[in-house]
Amino acid sequence: MTYRETLKNCIDELSSVGVPDPESDARLLLEEASGKDYSHLLMSFRDEIPVEVSDKLNDFVSLRKKRIPLQQIIGYTEFMGLKFYVTSDVLCPRQDTEVLVEQVLEKINGGAKVLDLCTGSGCIAISIAKLAGVSVTATDISEKALAVAEKNARENGVSVYFYKGDLYQALPSDEKYDIIVSNPPYIKTDVIETLEPEVKDFEPRIALDGTADGLSFYRRIIAGAGEHLKPNGLIFFEIGYDQGADVSVLLAGSGFSDISVIKDYGGNDRVVTATLKR
Ligand code: GLN
């Protein structure tokens with residue numbers, strides 16, 4: 001069988017079970033199985049596919065047909081132009097979250113100290129440390145997530161101070177930060193069951209579940225922010241498309257001003273930023 005025929009079969013198999021983007025997934029799985037990028041694959045399209053490559057691809061395709069996320073199958077993804085390892089212990093870094101990092105990068109000053117809460121794969125903390133060259137501290141309650149984050153920091157050649165524990169409780173000192181950033185779990189518990197199988201069945205519940213109203217992490221992070229932010233410190237949250245007003249109200253009620261809600265590239269509200277005036 002040629003590469004071309006194999007790719008076609010792979011697309012058919014993925015679409016037969018309703019995988020959302022069969023063409024792009026098939027292409028990425030073939031790139032990974034063959035170790036060739038798409039332009040090299042195009043040049044080999046009429047060649048016979050080596051048996052090791054087709055065996056590997058078949059394994060990938062059977063996992064993907066079970067709706068295991070592509071990033072968990074190949075083991076990594078790209079975020080802010082950097083490579084991040086992904087396992088089933090972390091939320092897969094999403095493109096929407098790049099808007100959050102871009103907002104931080106726009107407002108950050110050299111020498112700023114940044115705190116990332118619920119770091120997961122570390123994608124936010126590590127991109128800020130790498131792209132702004134500042135000191136970043138990050139916490140997460142999951143030891144397994146922190147192991148992934150530490151590997152990601154190492155592989156990207158940055159040092160981030162990682163601590164395990166519940167939000168601020170994980171921090172070893174009462175040091176204050178210029179910026180707090182977080183993409184906490186924010187999905188309403190009842191909504192999780194309505195999400196795609198990739199998310200509801202294979203991503204860590206603990207990284208998704210924002211309790212009954214989806215807002216509990218915002219409440220707890222905002223409640224502790226006064227103690228951990230320097231005067232005029234900034235806070236940046238990723239939010240769900242319908243949470244802009246609720247999170248703005250919570251911030252206003254705790255002394256934050258200059259509150260703004262920013263959209264992602266899909267046109268949905270995605271980020272809230274605010275300043276703690278003192
Ligand atoms: N901060 C990580 C991310 O943005 C993990 C977020 C989470 O687990 N809710 O990908």
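Quick note: numbers below take in every heavy atom, side chains included, and nothing from hydrogens, waters or symmetry partners. Both ligands and their constituent atoms are indexed starting at 1 by order of listing. Just so you know, these numbers come straight off a predicted model, no measurement behind them.
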TODO: Using the test ring-ring contact (aromatic ring centres under 6.0 Å, His included), find all partners of Tyr168 that sit at least two apart in sequence or belong to another chain.
DONE: His228
TODO: Say whether, by atom type as modelled, one donor and one acceptor occur between the side chain of Thr275 and the main chain of Lys277 under 3.5 angstrom.
DONE: no
Task: Under 3.5 Å donor-acceptor, Thr97 side chain and Pro93 backbone - done: no
Atom pairs and distances, side-chain donor-acceptor, residues 50-59, under 3.5 Å, sequence neighbours left out:
unit_1 : atom_1 : unit_2 : atom_2 : d
Ser54  : OG     : Val51  : O      : 3.3
Asn58  : ND2    : Ser54  : O      : 3.3

- [ ] Return the protein residues near ligand 1 (heavy atom under 4.0 Å from any of its atoms), ordered by chain and residue number.
- [x]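 Ligand 1 is contacted, at a heavy-atom distance under 4.0 Å, by Leu91, Thr97, Cys118, Thr119, Gly120, Cys123, Ile124, Asn183, Pro184, Pro185, Ala207.
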For a quick test of your reading: what N or O donor-acceptor pairs under 3.5 Å do the side chains of residues 229-237 make, sequence neighbours left out?
unit_1 : atom_1 : unit_2 : atom_2 : d
Lys230 : NZ     : Asp178 : OD1    : 3.4
Lys230 : NZ     : Asp178 : OD2    : 3.1

Open item on the list: Checking Arg64 against Leu29 for the side chain to side chain contact (heavy atoms under 4.5 Å, CB included) test, could you report, in this order, the C-alpha distance in whole Å, the side-chain angles of both residues, the deciding distance, and whether it holds?
Closed with: CA-CA 9 Å; Arg64 192 66 193 95; Leu29 292 176; 4.1 Å; yes
